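I have placed the structure first, in the form of structure tokens, so that the comments after it can refer back to it.
First the proteins, then the strands, lettered A, B, ... as listed; each starts at 1. All values below come from the heavy atoms of this structure, side chains included, with hydrogens, waters and symmetry mates left out. Predicted model, so just to flag it, every value in this text is computed and none were measured.
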Amino acid sequence: MVRVRYAPSPTGTLHIGGARTALFNFLFARHHQGTMVLRVEDTDQARLIPGSEAAMMEGLRSLGIVWDEGPDVGGAYGPYRQSERRDLYRRYLSQLEASGRAYRCYCTPAELEADRQRQRAQGLPPRYVGRCRSLTPADWAEREGLPYVLRLKVPSQGRTVVQDLIRGAVEFEHAVLDDFVLCKSDGTPVYNFAAAVDDYTMAISHVIRGEEHLSNTPKQILVSQALEFPLPAYAHVPMILAPDRSKLSKRHGATSVEEYRAQGILPEALVNYLLLLGWSPPEEREIMSLAEAIGWFDLARVQKTAAIYDLKKLEWMNGQYLRLLPIERVVDAVRPFLDARGIAVQAGPPLDQVVALTRERARTLVELAENLRFFYEPPQAYEAKGVAKYFEEPAVGERLERVAAALELLATWDHDALAQTFDRLAEELGLKRAQLIHPVRLAVTGRTVGPGLFELLAVLGPGETVHRVRRAAEAVLAGAVPIAD
RNA sequence: GGCCCCAUAGUCUAGAGGCCUAGGACGCCGGACCCUCAUUCCGGAAACAGCGGUUCGAAUCCGCUUGGGGCUACCA
């Protein structure tokens, strides 16, 4: 039975690195009909950020990553917050103490700091010097009441081998490890201890996590062995780096799932993009559904090398999804972006028709919202480049008047009728059709780029079209064309 | 500093000794199409970090060098 976990620390928002790790866990679990556990690692209350846990869960859900057991949904191995598992940790801690595998250390932070200073000065690696290592329970009794931490008694000889599913056997000499802290003086367990206990007590079969944890793994193995726990399988997935190859941080722009959402990236696209960072499908096709990914997912195809995220490709992929997804899905997705811009769609043409015309010209929902704005708001000004190109030709004002007049008489308002009207008028005026089309697009949208004119006008409707063409004609004739930008 | 991981184009990657004159994707450049833009379609430039081995043969195996990353807390 495959059981995996994603174990975030609620100290911020859901990071794309974390999201990718969660995604790999989720895909692995689903592929093997296993169970996905969400565990909140909140032992360090000082670092906890209120609302972070809920935000992370919301971020995961928005991407379609769901869990079978967790703080919100419960499960047979709860509780799922480390802060609620104190009693459990205490039990294993006293077991370790009783068996002599852990010992009390009374060294003060000042003493430890002094040790480190000295070691650094001597060019030695900073490790715990072992001052309290051979203290006996009798010595402990003497120090009754003094604060102490619990340290694991790491064997000084030998080595620990991590069998990693992605990297193979990785060896760590015990000589380079030190007697690390299991439990702080205030009684809170420390990560490497709590993680080992939880992975065992939650019956986790595969620990799939970021590469930054590889160096911690021997410590967790040592804890597990001291407690006589069987070991889970480990798989350390490569990290996601910022474009300058450094660790991802706020200064690299959008790094959280929430920020990408705000920039108009669809969750479907983000998840698909993240999937390709560190994993490759067995076929040369990159656009795929979560269901397909579940069928294909395999740790053997996970890369060893850290990946750098590429905004350009994410945006391209988002564009693909904008075109691929059912129109209703895109309409729903763009609505909040319209609202945020005060674009009132109730008064204008049906949004689905508008989106159908504009979505293939957008890469993000922000762009899409801006691109369709003119359907609901007449242009206040006209693009400078277009004015120079199309509104300054001789007799353009009259030409626009003619168009308005012809359109006004049109009985059927659809693409073909509009096309015929423009053809006929162009012939009458001795012009090329394009010489009518471009000024009219500018008159109606204020821009030089956009959907095909006849499709656009068909959706915009006769009233609004004629009105806008007239208005532009008047401005041109009056020599008072408002210029945008 | 010590320990650990990694190394194919600007970026994501395929590649598990001969199938590689190294394949795909984004981006970039050029072209076709078109009422503009976008889409789409064609075409192009662009990589096996370096040096030594092993082998009949190395992007693939080994070593060293270089480079990048991680860990080294009473953080996770």
Residues that [X] engages under ring-ring contact (aromatic ring centres under 6.0 Å, His included), provided they are two or more places apart:
X      : value
A:Y92  : A:F229
A:F374 : none
A:F24  : A:F297
A:Y382 : A:F391

Applying salt bridge (charged side-chain N to carboxylate O under 4.0 Å, His left out), which residue pairs with at least one partner in residues 104-129 of chain A are found, sequence neighbours left out? A:E97-A:R104, A:E113-A:R116, A:D115-A:R118, A:D115-A:R131
By the side chain to side chain donor-acceptor pair (under 3.5 Å) test, which pairs, at least two apart or in different chains, include something from residues 415-430 of chain A? A:R402-A:E428, A:D423-A:R433
Side chain to side chain donor-acceptor pair (under 3.5 Å) pairs touching residues 166-185 of chain A, sequence neighbours excluded, are A:Y103-A:D179, A:R133-A:D179, A:R159-A:E171, A:R159-A:E173, A:T160-A:H174
Please work out if [X] contacts a base, only the sugar-phosphate, or nothing of the nucleic acid, heavy-atom cut-off 4.0 Å.
X      : result
A:R301 : sugar-phosphate
A:E173 : nothing
A:E171 : sugar-phosphate
A:F172 : sugar-phosphate
A:G319 : nothing

Nearest-Å distance, [atom1] ([X]) to [atom2] ([N])?
X      : N      : atom1 : atom2 : value
A:K304 : B:rU8  : NZ    : P     : 12 Å
A:L277 : B:rA25 : CG    : P     : 18 Å
A:R118 : B:rG2  : CZ    : P     : 21 Å
A:E286 : B:rG23 : CD    : P     : 16 Å
A:N318 : B:rC12 : CG    : P     : 20 Å
A:L177 : B:rC3  : CG    : P     : 13 Å
A:L124 : B:rG2  : CG    : P     : 11 Å
A:R159 : B:rC4  : CZ    : C1'   : 14 Å

Pairing check on [N]: which nucleotide meets the Watson-Crick or G-U wobble criteria with it, both distances under 3.5 Å?
N      : answer
B:rA58 : none
B:rA16 : none
B:rG1  : B:rU72
B:rU11 : B:rA25
B:rA45 : none
B:rG67 : B:rC6
B:rA38 : none

If the [atom1] atom of [N] is compared with that of [M], how far apart are they to the nearest Å?
N      : M      : atom1 : result
B:rG15 : B:rG23 : C1'   : 8 Å
B:rG63 : B:rC71 : C1'   : 26 Å
B:rA73 : B:rU55 : P     : 46 Å
B:rA14 : B:rA7  : P     : 11 Å
B:rC28 : B:rG10 : P     : 16 Å
B:rG69 : B:rC33 : P     : 48 Å
B:rG44 : B:rG1  : P     : 47 Å
B:rG43 : B:rG52 : C1'   : 41 Å

Per-nt protein contacts along nucleotides 27-41 of chain B (heavy atom under 4.0 Å; B base, S backbone sugar-phosphate only, - none) come out as S-------BBBBSS-
Counting primed atoms, P, OP1 and OP2 as sugar-phosphate and everything else as base, the B/S/- map of nucleotides 66-76 of chain B against protein heavy atoms under 4.0 Å is --SSBSSSBBB
Could you write out each protein N or O paired with an N or O of nucleotides 48-50 of chain B at a distance under 3.5 Å?
none

For the backbone of A:S289 and the side chain of A:E292, can you confirm whether one donor and one acceptor N or O come within less than 3.5 Å of each other? yes
Compile the donor-acceptor pairs under 3.5 Å between side chains in residues 4-15 of chain A and protein atoms, sequence neighbours left out, one pair per line.
| unit_1 | atom_1 | unit_2 | atom_2 | d |
| --- | --- | --- | --- | --- |
| A:R5 | NE | A:D199 | OD1 | 2.8 |
| A:R5 | NH2 | A:D199 | OD1 | 3.4 |
| A:R5 | NH2 | A:D199 | OD2 | 3.1 |
| A:Y6 | OH | A:G18 | O | 3.4 |
| A:S9 | OG | A:E41 | O | 3.2 |
| A:T11 | OG1 | A:S9 | O | 3.4 |

Do A:C107 and A:V129 come close enough that some side-chain heavy atom pair is under 4.5 Å? no
Quick test of your reading of the model: are A:K304 and A:E211 salt-bridged, counting only N-O distances below 4.0 Å? no
Pair A:E377 + A:R373, salt bridge at N-O below 4.0 Å: yes
For A:E284, what residues pass the side chain to side chain contact (heavy atoms under 4.5 Å, CB included) criterion, not counting sequence neighbours? none
Using 0.5 Å steps for rounding, measure from the NE2 atom of A:H213 to the CG atom of A:N192. 9.5 Å
